[in-house]
Amino acid sequence: MIFVDGVPFTVESSSSNKNCVSEQGADVLYALMECPFLVDATKSFKSIPEMRFTDSEQFGVERSTMCKWVYLFQKEYATVDPALVDFVGTDEATTCVGVAIRNRKNGMTSVAHIDFPNIIENALSQMLSLVVDPSSDAELDVHLVGGFEDVLLKESNDITELEDRKKTEGHSFPLCNKIIERLWTRPETFHLQTLCVLHHNTRRDSEGNAYPIFSGFSVKTSDGSVFPASFDSTSRCPDEVIRRIRLSSSYEDPSLKGRLLETYETHTDQFKIEPCCWSPWKRYMALSLQQLSDAEILQSCSTSPSAEAPDFVENSRRQWAYLVEHPDWRESFPEKKPRIFRRAADGKWERSFN
């Protein structure tokens, strides 16, 4: 159930089939995008200066031991305790959507970087498992940031048939549609606070090409405030390359089908990256991809080639170089054990071999 400005959100469905949840979900999404409260919230979000996370000393940035954050890659999620973590966030989202859910009572906050509609059912259940206390009714604040008009949508009142909508969907719209649909139909109380997606998150150049305004955000766990954020390569930690490889490997693992990747342990404030395997074929593919030009990599490996960050190609090449150098996955996961990282006294992550 979705609440806006403290009251249940209602909408008169334009669908001829009132029992079609997917079509009703689209009607709800269109109505929410025009809701004055959420439009104002989006304007406020856009006015907040972007917070830039870095762990590098070369820029003269002194890292405060009091500033502890958890970073999520694509298809990952984490639920954090405000007593242990100051910020939780993600970036690199173009056609993906970042979702944050926070329990107003205890401050427990879950953030996910969702890439495909087919994982949303399980994704919300995973996120809510440690956020909602089954013994009491929870008031949950929800924020959605990411996704843009990768395909130009018609005005909502001009789209009356489902087939017409499908022709203009692109990648971002079906994802946003499915997220709203599930929030709308689930029994929990979701107070939608930020909806910076689709046309609210789109800018265009002089030729009309579309780009996302924001590709990342972070939540301050102490008070639940949300702001635009970006993370450099030093702050997307720990174990950046392995976690990126685990993402690509997860699509070939039946046990991970339809699920978000769990890497962070809430109660211990540590990362636990479970073993993932890659075959000789993966190394062969890495060797082949290394031969592509930067432009070819963007076209082959991205859902939005023109909208990717400048380091997209570099990040891809580092993964392939690792796979070429380490063709046997057991070198990275000795004895098939997970890679564990604990937070040091200065707040940085250190690998534990115990």
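Fair warning: this is a prediction, and the values are worked out from it, not measured in the lab. Counting from 1, the numbers follow the sequence of the chain as shown. Heavy-atom basis, side chains included; hydrogens, waters and symmetry copies ignored.
For the pair R342 and E350, the salt-bridge criterion is not met [side-chain N within less than 4.0 Å of a carboxylate O].
Residues forming a ring pair (Phe, Tyr, Trp, His ring centres under 6.0 Å) with H171 (at least two apart in sequence, or on another chain): none. Remark: R186 pairs with S125, E188 by the side-chain hydrogen bond (donor to acceptor under 3.5 Å, both in side chains) rule, at least two apart or across chains.
A continuous path of Ile, Leu, Val, Met, Phe, Trp and Tyr side chains, each step under 4.5 Å between heavy atoms, connects I179 with I101, placing both in one hydrophobic cluster. When the side chains of ILVMFWY residues are joined at heavy-atom separations under 4.5 Å, either directly or via intervening members, F148 and I180 end up in two distinct hydrophobic clusters.
Among all heavy-atom pairs drawn from E274 and P338, the shortest one is OE1-CB, 3.9 Å. Here the closest non-hydrogen pair linking Y264 and V80 is CE2-CG1, 3.8 Å. Residue C196 comes nearest to N201 through the heavy atom pair O-CB, 3.5 Å, listed as atom of the first residue, atom of the second, then distance.
Dense packing is recorded around CZ of R104, with more than 12 heavy atoms of other residues, nucleotides or ligands lying under 6.0 Å away.
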Inset, instruction - Apply the test salt bridge (charged side-chain N to carboxylate O under 4.0 Å, His left out) to residues E76 and R243: give CA-CA distance (whole Å), side-chain angles for both, the deciding distance (0.1 Å), then the verdict. - result: CA-CA 9 Å; E76 290 185 344; R243 285 164 69 187; 2.6 Å; yes
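Classified by interplanar angle (parallel below 30°, tilted 30° to 60°, perpendicular above 60°), the ring pair F231/F53 is parallel.
When side chains are defined from C-beta on, K220 does not count as touching V88, because their heavy atoms never get closer than 4.5 Å. Residues Y211 and S306 are in side-chain contact: their nearest non-hydrogen atoms beyond the backbone lie under 4.5 Å apart.
Distance check: F3 CZ to F190 CZ gives 11.0 Å after rounding to the nearest 0.5 Å.
Exactly one residue among D91, D55, T90 makes a side-chain hydrogen bond (donor to acceptor under 3.5 Å, both in side chains) with Y71. That residue is D91.
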